[in-house]
Structure formats: C-alpha cells, structure tokens
Trainee: 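The structure under discussion is supplied below as structure tokens; questions concerning it will follow.
Proteins come first, then strands; the chains are lettered A, B, ... in the order of their sequence lines, and each starts at number 1. Note that the coordinates shown come from a computational prediction; the quantities given were computed from them, not determined experimentally.
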Amino acid sequence: MNKYRSHNCNELRKKNVGNEVTLAGWINKKRDHGNLLFVDLRDNYGITQCIIEKENKQFKDFEKIQLETVVKIIGNVVDRSSETINKEIDTGEIEVSIKNYEILGACKELPMPIFSDQEYSEEIRLKYRFLDLRRKKIHENIILRSKVISFIRSEMNKLGFLEFQTPILTSSSPEGARDFLVPSRLNPGKFYALPQAPQQFKQLIMVSGFDKYFQIAPCFRDEDARADRSPGEFYQLDLEMSFVEQQDVFNVVEKLLVTTFKKFSNKKLMFGKFPKISYSEALLKYGSDKPDLRNPLIINDITEIFSRDDVSFEIFKKLIKSGSKARCIVTKNTKDKPRSFFDNIDKWAKDQGASGLAYFTIEKNKDISAKGPVGKFFSKEALEEIMKKTGAKVGDSIFLACNKKNEIEKITSLARDKIAKELGLIDENIFAFCWIVDYPMFEKDELTKKIKFSHNPFSMPQGDIDKINFDKPLDILAYQYDIVCNGVELSSGAIRNHIPELMYKLFSIAGYEKKKVDEKFSGMINALSFGAPPHGGIAPGIDRIVMLLANEKNIREVTMFPMNQNAQDLMMKAPSDVNEEQLKELSLSLKIKK
RNA sequence: GGGGGUGUAGCUCAGUUGGUUAGAGCGAUCGCCUGUCACGCGAUAGGUCGAGGGUUCGAGUCCCUUCACUCCCGCCA
C-alpha cells in the first residue's frame, strides 16, 4: 500500500466492512444535506460513495470543495442499510465514512460539467480534452480501443506475424494523397514526407525474407476530414505476407475480424463467411463500392425498358439516347404509403443535386397498371417486363432515376440508404461484412481524360501475365480488395506486383517513364530485382474498427486527442507559428497568401 | 475550393409578426436541511445575443460581410 490509496474506487465490497481504507480520486458529485454530505469519489475503475458528518472538524471545509478536485480520503468502510443500497454501482453495498481528507489536486471552476449526459460543443470538448476524457462514455471508448489493439496484437502474434516499426520520416511519393512534409536541416531545401502508409517498407520487409509482418501503424495524409476520417493521422493494422494468394490473406483477416468483433460486441454478424462482391457488381447493385449489406434494397438497371415503343417516358428516353442509364430501386409492399412519403424522397433527391426520383406503385385491378405521377408512361407489358427484371410484385413501388453512369451510381446509392432509413429496413444490431474484389487496375481521369491508377499502383494485375492486353488498360483487373462493414470501408489491400518489368509496364500506362519510376520508387523497384517473393497484404483501419465496436458515428469519439475539422489541435494549439531562428536553420522563408 | 446546419449567461438551451428591463435548467456564490445517489428548498451574482456593417423610430429577431464549430461534395492510390 502506498500513501495515496489502499484500494481503488471500484474495489470495496461488503467483506471490507470495518476496514480502514485510503482512497484517492476525483469528486464526481456531492449531495449536501447540511449536516451530512455524500460524496461520489471517482477514479478510472469506478465510484465509491463517501460520507462525512458535521461532527467531523473538517466538515465545513469539505462542503466547499469544488467538483473534480482530486482528494485523498481516509475512512472506515461501513455497511449500507438495505434500503440505501445503490445497485447502479459495484461498490453500492458499502460506503466510506470519512475520517480525514487531503486535497491532492485543486480544481478551478469547470468550463464544462463532467458528470452529465449533456452534449457539448466540439470546441469546448477539444480544448479541454483532458476533462472530456474523464466522462464515462468516451473514457470507456478509449479503454475499448486499448483492449482491441492489444487483442489484435496477441492474435497476430499467435498467427505467426512479427511486429516491426518502420520509419516515420521517409520520402514523398507522387501517387495518392497529399503528403505531410518535414524540412531537413542537414539537407537544405530537401524534405521528408510522413508515410501515407508503410506501403513500400512492408513490401521491403517481405523482400528481406521476414515472411509475415504486422504493425499498428500511424499513417499521415494531408486531406480534408470527414466524420469517419481524422484529419492528418490515423492508424492501420498494417500486415503483409509472403508466398500468398488473395484467399490466404482473406483467411487470416476474416478470422481476425470475426473473433475481434465477437469478443468486443454483442451485435450479430450477418455472415460468418464474408461474401465476395466484385467492384463492378457492387457499383451496379448498390451504386457504391462500400455497400451497407444490412440494407436489403437492390438497384436494378432497366435502361433497356426505355427502348420499347410502349414506354412513353420521353425525358428518360431522350437521356438514354445520349448515353444515360436508367436504374431503379424496388420497395416491397409500399402501396399504402402516403403520397407524402414518395414526394419527400423525390424532394430529398432534388436537394442532393439530382433531378429527382420518379416513382410509381404497381397495382392490379383487372390488369397490371402503375399508379403515380409517371405511371401512365408504362404499358401493361412494359410493367410486366420491369417486374420480371427486378422481382417487383403487385403492391411494390419503384423509384427511378436516369443519368450518366457515375451520376446515377451516386444518387441511387444515396437513395438506397435514404429509402431504407425511411422504411426502417436497417437492423442496427448487425455487422454485415463483405469483400469487394476485382478492382480495375486503371481508371480514366474525368477531367484530364488521362489513364491513372485507380487504387494502389503496386497491385498485381489479374490473369496470365503473358496474355494481359495492355492496349485496353481499363479492362485490366487487379488483385486488389477492400473489406466493407455496414457501409464503412474498413481496409484495402492487394496482392503486390513483385515483377519489376511488369511494374515499369503498368507505370508507363499511367504516364510514368522508367526513369521517373526509378527515381520515385528507387528503394522498392531496386529491391524487387534482387529476388522478391510473391506477396500481398492488407491494412484494416483501427480507428474505424473501434468506431464500429463502440457504436460511434464520429472518429473523434474513439480518438484520445483528436484534431478538429481544420486539422488543428485546440488543446495543444497546433499547428503553431515558429520563430525566425527555426526557419533560418531549415533554410525556409514564408510567403503567405493574404 | 463549393454547399448545408449551428452560434444567446461558465455549460445546455428557449426567446412569437421587429416593440418595455433578454429568460429557464445545470453550474458558481450565500443561507437552510442527517440517508442522498440527477437529493431538496430559498436567495444572489453572472449577457458585447460570435464579430463588423446596414435597413428601421426601434434589431437577439430582417439584409450584407466576416469568424468559429460541424456535416456533406470535391479530395482521401
């Protein structure tokens, strides 16, 4: 026992009654009855009720102590009478009668209450993060994060993976996100970059013969934030394996995620074995490469219907002639939904920048017919064809949109979420994982019309290498894959291209000359020509995994010291100015736009 | 870079068609209270209504500009 405490605040039970104990913690709450004062003393482990009466010389002083003051309390554990037992807390059967106390850490007037379920502005929370972190929910989230990470570590160790650290100061890479740059003092005018991910290093670890690597790796990307995306930095479970095919990586990660999610959440897994959905199928059926599979709605392409003579929906017909697609979402048995339900969704779609969503409901009196603003444009036969194609039945409704491929994917994807929410189709108590596979190696930049890597330039193209048709780069698929859970992109990975000639070839398609590749990826391209094993890996996002497990919508809720949306740390006041001396040492001068 | 939301007491919020002295709960301070666990009761203090400009006899409320926070689009291989 040290001088601060003999027990923590969640330790004392009935068996301790009669003991003299020393507790230390924060004053969570006081209930002052004038001649009798209850104090809830809180620490990391729990709460113990302490009590002081006016007979105690220190009573008057104690009454005045500010909440959140840190105190040491010496007292006797006493039994609570049956009617005063508090079942809400673990120590609720006893209380500590205060003999003596001592203030260990005084507390000023608080900018925000700690013991409260109130929400506070992000600004206050971030500025006083150390206070915010005392609050129950977020305190528990951070503890959960720690437990999840150490569980993952031990599982990875059991699976034979070795954990290695890779450099934080490395070189800038031309592909991908914007780099954070760090000026070099010893090399004036030159810059390090913080790693966007340890991508090249982990491949070099494979070339070095270590076989299986992992790391809870910090990653740095200078891009704008989102609710599920921290500005600046985040963590990945980075892993890489030698002599593996795609399925080998899947086996490891699937097992790891299933055990992790079962251990840390009560929610059910929708699939024991993650379904595999190709990128192109995902875009067609869900409008997105990160579909929420809890949502049963499916998007159908019905472009062909509009070439029929007995369909007179001229706006769509015209758009389709100029290259647009028509796609629809069927909602089951919605014939009795009020007109406002449909109109609200149409209005919502317009708010999203789409031209709206047309709709009709399939009815049958004598013949099949369609009710709704655009129902009249479809003949009985056309409706029957739509029903055949989409599985729609009498009583179901159909929402339609028509636009260019990219646009229609975007709006139908959003509409799929929106309609499911309106109809309450999403079971919040489920985790629905899936693999998205068969990503294209390249895509066309809409602005520049140039061919560029669609994801990771180091991915291995699919098929027999000798037979790949490099003249049609957009048709080349890659051994590139993502894991998606409940519509959240959890990780992406690939089987890597370990053949230098093939790498040069692919980079040349994306507009990089051999010289440039040698220059920008010198470490890796060189290494690959000295006996590189076939290898592959993946990197699940730790923050997002914890976010799903903690049932939080915002990544800040599972991050100990997050930055705000403008990538500022309001508590530490980062980023900050530096003095002339520092700049001079780095051979830098500032030119700031007004 | 673009679009939306929010901004009123230390904190969370209310504030009507533009109309007297801008309110409530929590917190703070003071007083009363021996079984509370969101203790109770009474009193007091606490406001540049984010900032600046405009319209008006009169602006928390209407208009313009701007700032902060946040959500989304772009971006994130």
Side-chain angles (χ1 to χ4, degrees), chain A residues 28-41 47-55 59 63-64 66-68 78 80-89 91-92 95 97 107-128 131-132 173-179 196-197 199-200 219-232 234 290 351-353 407 410-411 414 439-443 445-447 452-459 478 480 482 489 492-494 506-507 510 521 539 541 553-554 556 563-566 568 570:
Chain A
N28 193 55
K29 192 72 188 166
K30 286 188 296 189
R31 289 174 295 280
D32 189 351
H33 290 234
N35 294 314
L36 166 75
L37 170 64
F38 296 101
V39 186
D40 292 336
L41 195 69
I47 284 180
T48 301
Q49 175 167 285
C50 303
I51 179 170
I52 184 165
E53 295 182 73
K54 75 166 176 206
E55 286 72 33
F59 183 82
E63 265 188 314
K64 293 198 165 45
Q66 183 81 36
L67 294 182
E68 294 303 310
V78 296
R80 291 208 212 180
S81 64
S82 61
E83 68 275 12
T84 60
I85 285 172
N86 183 353
K87 292 199 178 75
E88 302 293 311
I89 55 176
T91 59
E95 62 197 12
S97 175
C107 180
K108 297 196 289 191
E109 188 174 345
L110 295 163
M112 59 190 276
I114 309 299
F115 175 67
S116 165
D117 292 328
Q118 262 178 25
E119 301 286 339
Y120 314 100
S121 72
E122 285 296 319
E123 200 174 352
I124 288 261
R125 293 185 62 194
L126 294 179
K127 188 170 173 192
Y128 296 97
L131 293 180
D132 192 34
S173 64
E175 280 286 313
R178 203 174 285 121
D179 282 318
Q196 296 178 22
Q199 181 62 39
Q200 295 190 59
C219 303
F220 305 90
R221 296 177 192 177
D222 188 3
E223 297 293 347
D224 290 355
R226 286 289 183 277
D228 63 351
R229 207 165 79 200
S230 299
F234 61 98
K290 40 181 186 173
D351 290 343
Q352 299 300 310
E407 294 297 318
K410 202 192 295 171
I411 190 62
L414 290 170
Y439 277 79
M441 190 82 214
F442 299 102
E443 65 188 11
D445 190 305
E446 289 301 324
L447 288 175
K452 59 174 197 177
F453 288 108
S454 69
H455 285 80
N456 187 328
F458 306 122
S459 299
Q480 162 90 38
D482 274 19
E489 186 187 317
S492 64
L506 295 169
F507 266 99
F521 304 102
K553 297 259 179 295
N554 194 296
R556 288 187 299 270
M563 297 198 283
N564 71 9
Q565 197 172 39
N566 297 322
Q568 298 160 339
L570 298 178

Trainee: Tell me: CD of A/Glu83 to P of B/rC37, nearest whole Å?
Mentor: 13 Å
Trainee: Is the shortest side-chain N/O distance from A/Asn86 to OP1 or OP2 of B/rU36 below 4.0 Å?
Mentor: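 It does not, given that no N or O in the side chain of A/Asn86 lies less than 4.0 Å from OP1 or OP2 of B/rU36.
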Trainee: What class does the angle between the rings of A/Phe521 and A/Phe458 fall in, given that below 30° is parallel, 30 to 60° is tilted and above 60° is perpendicular?
Mentor: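 Perpendicular: the ring planes of A/Phe521 and A/Phe458 meet at over 60°.
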Trainee: Please check if atom CD in A/Glu55 has more than 12 non-hydrogen atoms from other residues, nucleotides or ligands closer than 6.0 Å.
Mentor: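 Yes, CD of A/Glu55 has more than 12 neighbouring heavy atoms, counting only those of other groups under 6.0 Å.
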Trainee: State which of B/rG1, B/rG35, B/rU12 makes the closest approach to the side chain of A/Asp224.
Mentor: B/rG1
Trainee: Check this one for me: any side-chain N or O of A/Lys29 less than 4.0 Å away from OP1 or OP2 of B/rG27?
Mentor: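 So the side chain of A/Lys29 is within the cut-off, an N or O lying under 4.0 Å from OP1 or OP2 of B/rG27.
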Trainee: So if I take every side-chain heavy atom of A/Glu53 and compare against B/rG27, B/rU34, B/rG74, which nucleotide ends up nearest?
Mentor: B/rU34
Trainee: Just how far, in rounded Å, is P of B/rA38 from NZ of A/Lys30?
Mentor: 17 Å
Trainee: Could you work out which one of B/rC69, B/rG35, B/rC11 sits closest to the side chain of A/Tyr120?
Mentor: B/rC11
Trainee: Can you tell me the base-pairing partner of B/rC41? Count Watson-Crick or G-U wobble geometry only, both distances below 3.5 Å, and say none if there is no partner.
Mentor: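 Here B/rC41 is engaged in a pair, and the nucleotide opposite it is B/rG31.
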Trainee: Would you kindly give the CD-to-C1' distance between A/Glu489 and B/rC75, to the nearest whole Å?
Mentor: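 About 14 Å, once rounded to whole Å.
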Trainee: Among B/rC76, B/rU34, B/rU12, which is the nearest nucleotide to the side chain of A/Glu55?
Mentor: B/rU34
Trainee: How do A/Leu126 and A/Arg229 order along RNA chain B: which one's closest nucleotide is nearer the 5' end?
Mentor: A/Leu126
Trainee: Quickly work out the A/Lys64 NZ to B/rC30 P distance and round it to whole Å.
Mentor: 5 Å
Trainee: Please determine whether any donor N or O and acceptor N or O are separated by less than 3.5 Å between the side chain of A/Arg221 and the base of B/rC75.
Mentor: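 Answer is no: no donor-acceptor pair is held.
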Trainee: With a 3.5 angstrom cut-off on both distances, give the Watson-Crick or G-U wobble partner of B/rG7, or none if there isn't one.
Mentor: B/rC67
Trainee: Write down the distance between CG (A/Leu570) and P (B/rU70), rounded to a whole number of angstrom.
Mentor: 7 Å
Trainee: Determine, stepwise, if the pair A/Glu68 / A/Asn28 fulfils side chain to side chain contact (heavy atoms under 4.5 Å, CB included).
Mentor: CA-CA 6 Å; A/Glu68 294 303 310; A/Asn28 193 55; 4.2 Å; yes
Trainee: Quiz question: going by heavy-atom distance under 3.5 Å, is there a donor-acceptor pair between the base of B/rC69 and the side chain of A/Arg125?
Mentor: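 No, the side chain and the base share no sub-3.5 Å donor-acceptor pair.
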Trainee: In this structure, how many angstroms lie between the P atom of B/rC33 and the CZ atom of A/Phe59, rounded?
Mentor: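 So the two atoms are 10 Å apart, to the nearest Å.
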Trainee: Would you say the side chain of A/Gln49 and the base of B/rU36 hold a donor-acceptor pair, judged only by whether the two atoms sit under 3.5 Å apart?
Mentor: yes
Trainee: Give a yes/no on whether any side-chain N or O of A/Gln568 is located under 4.0 angstrom from OP1 or OP2 of B/rC69.
Mentor: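 For B/rC69, OP1/OP2 do have a side-chain N/O of A/Gln568 under 4.0 Å.
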Trainee: With both distances kept under 3.5 Å, what pairs with B/rU21, Watson-Crick or G-U wobble?
Mentor: none
Trainee: Per the atom types in the model, does the base of B/rU12 pair as donor or acceptor with the side chain of A/Glu119 at under 3.5 Å?
Mentor: no
Trainee: Measure from the side chain of A/Ala227, starting at C-beta and using heavy atoms only, and say which of B/rC76, B/rG25, B/rC72 lies closest.
Mentor: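 Nearest to the side chain of A/Ala227 among the choices is B/rC72.
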Trainee: Taking N and O atoms by type only, does the side chain of A/Arg31 place a donor or acceptor under 3.5 Å from a partner on the base of B/rU34?
Mentor: no
Trainee: Out of curiosity, A/Ser230 OG to A/Arg221 CZ, how far, rounded to the nearest 0.5 Å?
Mentor: 12.0 Å
Trainee: Considering only side-chain heavy atoms of A/Glu122, which listed nucleotide, B/rC69, B/rU36, B/rA28, is closest?
Mentor: B/rC69
Trainee: B/rC76, B/rG35, B/rU12: which one has an atom nearest the side-chain heavy atoms of A/Glu223?
Mentor: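 So the nucleotide nearest the side chain must be B/rC76.
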Trainee: Below 4.0 angstrom from OP1 or OP2 of B/rC71, is there any side-chain N or O of A/Gln565?
Mentor: yes
Trainee: OP1 or OP2 of B/rC75 less than 4.0 angstrom from a side-chain nitrogen or oxygen of A/Arg226, does that happen here?
Mentor: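 Result: no.
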Trainee: Please state the P separation for the pair B/rG40 and B/rG19 - nearest whole angstrom.
Mentor: 36 Å
Trainee: I'd like to know whether NZ of A/Lys290 has more than 12 heavy-atom contacts from other residues, nucleotides or ligands below 6.0 angstrom.
Mentor: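 12 or below, so no.
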Trainee: Would you say the side-chain atoms of A/Asp482 and A/Tyr439 include a donor-acceptor pair closer than 3.5 Å?
Mentor: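 Indeed, the side chains of A/Asp482 and A/Tyr439 share at least one donor-acceptor pair under 3.5 Å.
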Trainee: What is the base-pairing partner of B/rG60, counting Watson-Crick and G-U wobble geometry with both distances under 3.5 Å?
Mentor: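 Paired with no nucleotide.
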Trainee: Please determine whether a side-chain nitrogen or oxygen atom of A/Asn554 lies at a distance below 4.0 Å from atom OP1 or OP2 of B/rC71.
Mentor: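 Answer is yes, contact under 4.0 Å.
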Trainee: Among B/rG35, B/rC33, B/rC11, find the nucleotide with the atom closest to the side chain of A/Ile51.
Mentor: B/rG35
Trainee: Return whichever of A/Asn456 or A/Arg556 has its heavy-atom-nearest nucleotide of RNA chain B closer to the 5' end.
Mentor: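 Its nucleotide being nearer the 5' end, the pick is A/Arg556.
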Trainee: Expressed in angstrom and rounded to an integer, what is the separation of A/Tyr128 atom OH from B/rG10 atom P?
Mentor: 12 Å
Trainee: Are a donor atom and an acceptor atom from the side chains of A/Arg556 and A/Gln565 found within less than 3.5 Å of each other?
Mentor: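 The criterion, which ignores hydrogens and geometry beyond distance, is not satisfied for A/Gln565 and A/Arg556.
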Trainee: Side-chain donor or acceptor of A/Glu68 under 3.5 Å from a matching atom on the base of B/rG27?
Mentor: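 When only heavy-atom distances are counted, A/Glu68 does not reach the base of B/rG27 through any donor-acceptor pair under 3.5 Å.
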Trainee: Check whether the side chains of A/Gln196 and A/Asp179 place a donor and an acceptor atom closer than 3.5 Å, and report yes or no.
Mentor: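 Indeed, the side chains of A/Gln196 and A/Asp179 share at least one donor-acceptor pair under 3.5 Å.
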Trainee: In whole Å, what is the span from the CG atom of A/Asp228 to the C1' atom of B/rC71?
Mentor: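 Nearest whole value for this atom pair: 12 Å.
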Trainee: With a 3.5 Å limit on both atom pairs, tell me what B/rC75 is paired to, counting Watson-Crick and G-U wobble, or say none.
Mentor: none
Trainee: Of the nucleotides B/rU36, B/rA38, B/rC71, which one has an atom closest to the side chain of A/Phe115?
Mentor: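 Among the listed nucleotides, the one closest to the side chain of A/Phe115 is B/rA38.
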